[in-house]
Enquirer: 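Okay, here's the structure, questions in a sec.
In this text, all values refer to a predicted model and were calculated from it rather than measured experimentally. Residue numbering restarts at 1 for every chain, and letters A, B, ... go by the order of the sequence lines.
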There are 2 protein chains.
Amino acid sequence: MPPSSTVENYLKEVYLGVGRLPAGETLLPMGQLAVALGVAPGTATTMVKALAESGLVDYEPYNGVRLTAAGMRLATTVLRRHRLMELFLVQVMGMRWDEVHDDAEHLEHVVSDRLIERIDEMLGHPETDPHGDPIPNPDGAIRERHFETLLTCPIGAQVVVARVSDQDPAFLRFVERHGLKPGQSVTVDGRDEAADAVHLHGPGGAAFTLGARAASKLLVDVAPASSVAAGVTRATGPDEEPRR
Amino acid sequence: MPPSSTVENYLKEVYLGVGRLPAGETLLPMGQLAVALGVAPGTATTMVKALAESGLVDYEPYNGVRLTAAGMRLATTVLRRHRLMELFLVQVMGMRWDEVHDDAEHLEHVVSDRLIERIDEMLGHPETDPHGDPIPNPDGAIRERHFETLLTCPIGAQVVVARVSDQDPAFLRFVERHGLKPGQSVTVDGRDEAADAVHLHGPGGAAFTLGARAASKLLVDVAPASSVAAGVTRATGPDEEPRR
DNA sequence: GTTGTAATTTTGATTAGTCAAAATTCCATG
DNA sequence: CATGGAATTTTGACTAATCAAAATTACAAC
């Protein structure tokens with residue numbers, strides 16, 4: 001029997017949650033998992049115990065949860081379906097990048113392997129989704145690159161936005177309006193600790209300011225040199241293109 | 001809260017089941033519903049009582065079930081999603097018509113209104129899906145035309161296949177191999193009651209034979225006049241009789 | 001060390017959907 | 001009009017997923 005949507009969601013959130021943990025830590029606290037899934041804490045505990053029973057996660061009572069190899073496999077295939085779906089909805093269906101998340105959230109649990117591979121092919125085996133999130137390959141391998149954020153990157157140097165780690169439509173529209181989509185360039189002019197603000201300007205010269213919270217959600221590539229895909233280095237294109 | 005997939009499936013099967021009833025009857029026996037859904041008889045009874053409670057069906061104990069206006073509304077929107085999805089998978093995704101049913105079966109419960117209307121638009125507001133089944137319009141109206149079958153149509157006259165009422169992939173491939181997809185022409189040469197067989201030939205002259213069971217699944221248009229010449233019914237063709 | 005608080009787990013209940021098997025009802029046939 | 005199947009409904013039980021609230025545990029601060 002295939003895993004339920006619920007199981008897939010738990011595994012996906014464990015994966016994403018562990019990824020958000022401070023460097024070094026690998027156990028996701030149950031509370032964070034419960035919040036991410038929008039369920040009561042007790043519900044998460046019960047479910048995680050069942051997942052541990054079926055060998056999909058390691059569970060340490062009072063400490064947290066982490067994926068096993070089997071759980072990782074499943075989590076990344078769900079992520080693959082989600083991210084390919086988002087890119088498909090933008091690229092093929094012509095939807096806006098700020099409105100595809102909810103659809104993808106549902107579709108990720110029902111698209112068949114056949115269909116998702118068809119989509120992958122149609123998109124030219126893309127590396128990242130519209131938010132810059134990496135798309136795992138068919139057997140679950142995923143290359144998570146490390147990026148600076150607009151809060152930590154060097155001041156004065158032109159950097160390229162690589163990834164936007166927030167799905168809120170309003171935020172995404174803001175990002176788009178200010179030319180901060182993945183592939184576009186910006187320069188940090190300075191930071192004001194007291195005001196909790198980051199000042200920047202785009203290639204066109206337009207200057208504006210971001211709160212620290214927002215700045216930390218914009219992951220940037222400080223050395224957009226050879227290693228970065230050709231399609232991602234363009235400064236102002238509204239759309240990114242799949243490579244190959 | 002939105003109706004569950006289960007509820008949507010029950011309503012869809014009631015709609016389809018009632019449609020398969022002998023002329024005049026409007027109450028679908030619980031047994032048939034249970035078989036169509038692949039559940040135990042008692043399960044169907046319990047569920048249908050709940051649906052009646054929420055005003056989606058009329059339920060007459062021991063007699064059967066039928067849709068209310070509200071239930072009809074929901075059933076046809078599910079059918080709309082299913083059929084548009086099937087056509088989309090064939091037309092846009094390049095899948096074969098015999099392999100899209102299962103995907104559509106799942107997708108019909110999760111695609112958003114926004115996405116399905118986007119698909120409808122992309123397909124040019126089609127009237128029928130790849131099997132010739134009519135696609136309800138956004139507010140649930142559906143024009144069910146009446147067709148003969150290869151078992152009942154006149155002998156010797158060239159007719160046009162309008163609809164194939166079986167989703168079995170093997171059967172669909174057979175239909176395709178013999179040029180019997182919706183829009184294609186055939187002529188019935190004769191019928192053999194004893195042998196349970198129907199003899200026919202295509203426009204190219206190739207003659208072959210069908211069992212009665214198979215022949216009854218091929219609905220044909222005996223007067224493929226102006227509106228259906230191209231093989232697909234046009235958007236604003238002459239209206240037939242209303243259903244009910 | 002004790003203790004207070006926050007995080008976590010346990011407990012007891014609920015809802016949706018399901019099944020197997022027993023009980024009931026319908027109805028055609030004699 | 002009695003009756004024996006067939007169809008249907010009822011009953012009792014089960015699973016997955018959830019919640020609220022009580023109980024427990026961990027741990028930092030005193």
Enquirer: Describe, in one word, how the ring planes of A/Phe88 and B/Phe88 are oriented to each other, choosing from parallel (under 30°), tilted (30 to 60°) and perpendicular (over 60°).
Expert: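 Judged by the thresholds at 30° and 60°, the geometry between A/Phe88 and B/Phe88 is perpendicular.
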Enquirer: Just jot down the salt bridge (charged side-chain N to carboxylate O under 4.0 Å, His left out) partners of B/Arg66, sequence neighbours excluded, or say none.
Expert: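 Testing B/Arg66 for salt bridge (charged side-chain N to carboxylate O under 4.0 Å, His left out), a comparison that skips the adjacent residues, returns B/Glu60.
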Enquirer: Run the salt-bridge test on B/Arg145 and B/Glu127 with the 4.0 Å N-O cut-off and return the result as yes or no.
Expert: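 Salt bridge: no.
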Enquirer: What parts of residues 25-34 of chain A reach DNA chain C, counting only heavy atoms under 4.0 Å away?
Expert: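 Listed by number, they are A/Pro29, A/Met30, A/Gly31.
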Enquirer: Run the numbers on A/Asp129 and A/His82 for side-chain hydrogen bond (donor to acceptor under 3.5 Å, both in side chains), then give the verdict.
Expert: CA-CA 9 Å; A/Asp129 76 2; A/His82 180 101; 5.7 Å; no
Enquirer: Can you name the closest pair of heavy atoms from B/Cys153 and B/Val188 and give their distance?
Expert: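 Heavy atoms of B/Cys153 and B/Val188 come nearest at SG-CG2, 3.6 Å.
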Enquirer: A/Val7 has a side chain; which of C/dT9, D/dT8, D/dA17 sits nearest to it?
Expert: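 Nearest to the side chain of A/Val7 among the choices is D/dA17.
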Enquirer: With a 4.0 Å cut-off on N to O distance, would you call B/Lys12 and B/Glu108 a salt bridge?
Expert: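 Looking at B/Lys12 and B/Glu108, the cut-off is met.
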Enquirer: Specify the separation, in whole Å, of atom CG of A/Asn63 and atom P of D/dA26.
Expert: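 Those two atoms, CG and P, are 9 Å apart.
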Enquirer: For residues 35-60 of chain A, which residues have at least one heavy atom under 4.0 Å from DNA chain C?
Expert: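 Result for residues 35-60 of chain A: A/Pro41, A/Gly42, A/Thr45, A/Lys49, A/Tyr59, sorted by number.
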Enquirer: The side chain of B/Tyr62 lies closest to which of these nucleotides: D/dA17, D/dT8, D/dA26?
Expert: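 Nucleotide nearest to B/Tyr62's side chain: D/dT8.
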Enquirer: Testing B/His131, B/Arg173, B/Gln167 one by one against B/Asp98 for a side-chain hydrogen bond (donor to acceptor under 3.5 Å, both in side chains), which residue passes?
Expert: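 Among B/His131, B/Arg173, B/Gln167, the one that satisfies the side-chain hydrogen bond (donor to acceptor under 3.5 Å, both in side chains) with B/Asp98 is B/Arg173.
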Enquirer: Below 4.0 angstrom, N of the basic side chain to O of the carboxylate: do A/Arg80 and A/Glu117 qualify?
Expert: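 Between A/Glu117 and A/Arg80 there is a salt bridge, with a charged N closer than 4.0 Å to a carboxylate O.
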Enquirer: For A/Thr6 and D/dA17, is the shortest distance between a side-chain N/O and OP1 or OP2 below 4.0 Å?
Expert: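 Checking A/Thr6 against D/dA17: at least one side-chain N or O falls below 4.0 Å of OP1 or OP2.
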Enquirer: Report yes if at least one side-chain N or O of A/Tyr10 is closer than 4.0 Å to OP1 or OP2 of D/dT18; otherwise report no.
Expert: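 The answer is yes; a side-chain N or O of A/Tyr10 sits under 4.0 Å from OP1 or OP2.
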